[in-house]
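All ligand and atom numbering here is 1-based and tracks the order in the structure.
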Amino acid sequence: MMYLDVKAVTKHFGDTCVARKVGFSLARGEIGALLGPSGCGKTTLLRMIAGFEEPDGGAVYLGGRPLWETGRGLAAEDRQIGMVFQDYALFPHLTVWENIAFGMAGAGRGERKATIGELLSVTGLAGAETRYPHELSGGQQQRVALARAIAPKPRCLLMDEPFSNLDVSLRESLSAEVRDIIKRFGITALMVTHNQHEAFAMADRIGVMQDGSILQWDTPEGLYHSPKALAVACFIGEGSLLSGTLAPDGTLDFGLGAFPVGAAAGPASARRVRVFVRPEAIRIATSGTGATARLEKSCFRGPGRSCLFELPSGEQVKADADTRSPLLEGETYGLAVDRDGVSIFP
Ligand SMILES: Nc1ncnc2c1ncn2[C@@H]1O[C@H](COP(=O)(O)OP(=O)(O)OP(=O)(O)O)[C@@H](O)[C@H]1O
């Protein structure tokens, strides 16, 4: 059995279904992320695991023990779950030290001192222990919130959009830092975010959610390279959607060429398919075989150049180029596609 196990959890608010038999699991010490657009049900799922909301059906287990099963559950305060909220929710009248110590009433003086000392050190807050929350930056406040949630040694840590109040440049560096801290303490954690960069920087496993369902629960690499649904491909990273035909012998024919994608994939008769291609799977050449396309737009992005091509069919294709390539808008180029960077959907 996995450490955190969510099984076929359903939840309605009135007539609206916000969790449709949702299931996923995390091994001990793994970090998971629920990723999806606003309103898809991420926070409600997190709140059901925390015990702030009751499921209509399904079960939730933590470390082999039920948090919720057959319509009954442990009270939130008995679940030993740590929470980090979007707005940090620090106590404004308590110092950094007192905020972190808040949930450690059961620990002895020596243990409390050692744990808080270690947390201050790994979160880079040593020296700030007598300050109050309003005397800290947003990033520092978030680290205090994390330290406060970790200090009582929770069985699981839940984080609701933990970086959304921080500026973009801080989000990515802090998310990598927070991952290191959680890993160092060996805590099993689940976060909710609508930002894929945060999910990629933090999580070992990510669930892409849409309308109360998890479309795919997978590693970041699995989601990016082998999306199981078109909505997952489109939600994660960038790409182009082209139309094509899949023949019974497994040959895919579309705007960027024709090649076998495995006989096993072949339908009984030729079938129209949608083909999703990542920009980095396309190689641009001045001439040659493969497809030809007109460069419509080219945008310098420092390490790379984002290009938008138009195929003779009128379909548009995004491709990445080297910034040193002398590409001219309006000119025609050859495009070759890396077969592994192509995903096919009905
Ligand atoms: N207590 C509640 N009563 C009624 N409807 C609710 C309640 N809590 C959430 N909802 C509704 O359930 C749906 C899912 O909300 P939820 O907060 O879980 O989504 P989310 O994916 O976390 O979105 P966001 O990123 O905006 O927080 C939304 O339509 C929301 O309005």
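A salt bridge is defined here as a Lys NZ or Arg NE, NH1 or NH2 lying under 4.0 Å from an Asp or Glu carboxylate O, and Arg294 with Glu331 fails to meet this definition.
Sorted by first and then second residue, the salt bridge (charged side-chain N to carboxylate O under 4.0 Å, His left out) pairs with a member in residues 45-66 read Arg47-Glu53; sequence neighbours excluded.
The shortest side-chain heavy-atom distance between Leu34 and Trp217 falls under the 4.5 Å cut-off.
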Using a 3.5 Å cut-off on N/O to N/O, what pairs does ligand 1 make with the protein? A line per pair would be great.
| residue | atom | partner | partner atom | Å |
| --- | --- | --- | --- | --- |
| ligand 1 | 18 (O) | Thr44 | N | 2.9 |
| ligand 1 | 18 (O) | Thr44 | OG1 | 2.5 |
| ligand 1 | 19 (O) | Gly41 | N | 3.3 |
| ligand 1 | 21 (O) | Gly39 | N | 3.3 |
| ligand 1 | 21 (O) | Cys40 | N | 3.0 |
| ligand 1 | 21 (O) | Gly41 | N | 3.0 |
| ligand 1 | 21 (O) | Lys42 | N | 3.1 |
| ligand 1 | 21 (O) | Lys42 | NZ | 3.0 |
| ligand 1 | 22 (O) | Thr43 | N | 2.8 |
| ligand 1 | 22 (O) | Thr43 | OG1 | 2.6 |
| ligand 1 | 23 (O) | Gly39 | N | 2.7 |
| ligand 1 | 25 (O) | Lys42 | NZ | 3.1 |
| ligand 1 | 26 (O) | Ser38 | OG | 2.5 |

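Every residue two or more places apart in sequence or in another chain was checked for a side-chain contact (heavy atoms from CB on, under 4.5 Å) with Arg109, and none qualifies. Remark: Thr16 pairs with Val18 by the side-chain contact (heavy atoms from CB on, under 4.5 Å) rule, at least two apart or across chains.
Annotation: Phe91 is in aromatic contact with Phe102 [ring centroid separation under 6.0 Å].
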